[in-house]
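The structure presented is a predicted model; accordingly, all values stated were derived computationally and were not measured.
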Amino acid sequence: KSFITGNKLSPDSFVQMSMMLAYYKLYGRIVCAYEPVLTKNFFHGRTEAMRPATLEAKKLCEVFSDPKASKEDKLAALQKATK
């Protein structure tokens, strides 16, 4: 928990990227994912869908799967993917 909050990452997006990375390491590809997003704070708000499978998420998976990637490279990829 301190790693997530200490690096100003969203806990939800951290978990989403963790699941993406796990799938990528198992199957070697990114899968389409669905994340419900509440918009109740907006006029006539409802639940919308967000797709976390982005180019940044793909890059994160590639960096984390590269044995030569540094900790700094991994953290930078994680921060970009969770914005």
Side-chain angles (χ1 to χ4, degrees):
K1 182 178 176 181
S2 62
F3 172 80
I4 297 169
T5 56
N7 286 288
K8 298 180 181 170
L9 303 171
S10 160
D12 184 58
S13 59
F14 181 84
V15 171
Q16 283 289 325
M17 291 303 111
S18 298
M19 290 188 291
M20 285 261 196
L21 180 58
Y23 190 93
Y24 184 85
K25 286 194 171 212
L26 283 171
Y27 302 106
R29 63 187 175 93
I30 298 286
V31 67
C32 287
Y34 170 87
E35 174 73 15
V37 178
L38 294 178
T39 59
K40 66 181 180 180
N41 291 335
F42 299 99
F43 187 66
H44 296 298
R46 59 181 192 261
T47 301
E48 294 289 338
M50 179 186 80
R51 304 286 180 186
T54 61
L55 291 175
E56 291 82 7
K58 182 178 184 282
K59 179 70 176 170
L60 171 117
C61 293
E62 292 168 350
V63 169
F64 270 76
S65 297
D66 181 1
K68 296 179 183 176
S70 68
K71 289 181 182 180
E72 292 79 17
D73 292 339
K74 291 178 180 180
L75 179 59
L78 179 60
Q79 288 172 329
K80 285 180 185 176
T82 57
K83 280 190 177 181

Notebook entry, point to check: What pairs with Ser10 under side-chain contact (heavy atoms from CB on, under 4.5 Å), at least two apart in sequence or on another chain?
Noted result: Asp12, Ser13
Note to self: Minimum heavy-atom separation for Ser65 and Leu21, please, with both atom names.
What the structure shows: OG-CD1, 4.4 Å
Item checked: Pairwise distance OG1(Thr54) to CD(Gln16) - rounded to 0.5 angstrom -> 11.0 Å
Next item on the list: Quick one: name the residues clustered hydrophobically with Leu55, using the 4.5 Å side-chain heavy-atom rule over I, L, V, M, F, W, Y, and just say none if it's on its own.
Entry: none
Checklist line | Hydrophobic cluster membership, Val15 vs Met20, 4.5 Å side-chain cutoff | finding: no
Check: Pairs in or reaching into residues 62-82: which pass salt bridge (charged side-chain N to carboxylate O under 4.0 Å, His left out), with residues at least two apart or in two chains?
Finding: Lys58-Glu62
Next item on the list: Hey, could you give me the SG/NZ distance between Cys61 and Lys25, rounded to the nearest 0.5 Å?
Entry: 9.0 Å
Margin query: Can you tell me how far apart CG (Leu9) and CG (Leu78) are? Round to the nearest 0.5 Å.
Written below: 5.0 Å
Note to self: Using the rule that Ile, Leu, Val, Met, Phe, Trp and Tyr join whenever any side-chain heavy atoms are under 4.5 Å apart, tell me whether Met19 and Leu60 fall into a single cluster.
What the structure shows: no
Check: Atom NZ of Lys59 and atom CD of Glu56: how far apart are they, to the nearest 0.5 Å?
Finding: 11.0 Å
Item checked: Residue pairs passing the ring pair (Phe, Tyr, Trp, His ring centres under 6.0 Å) test where at least one lies in residues 8-27, sequence neighbours excluded -> Tyr23-Tyr27
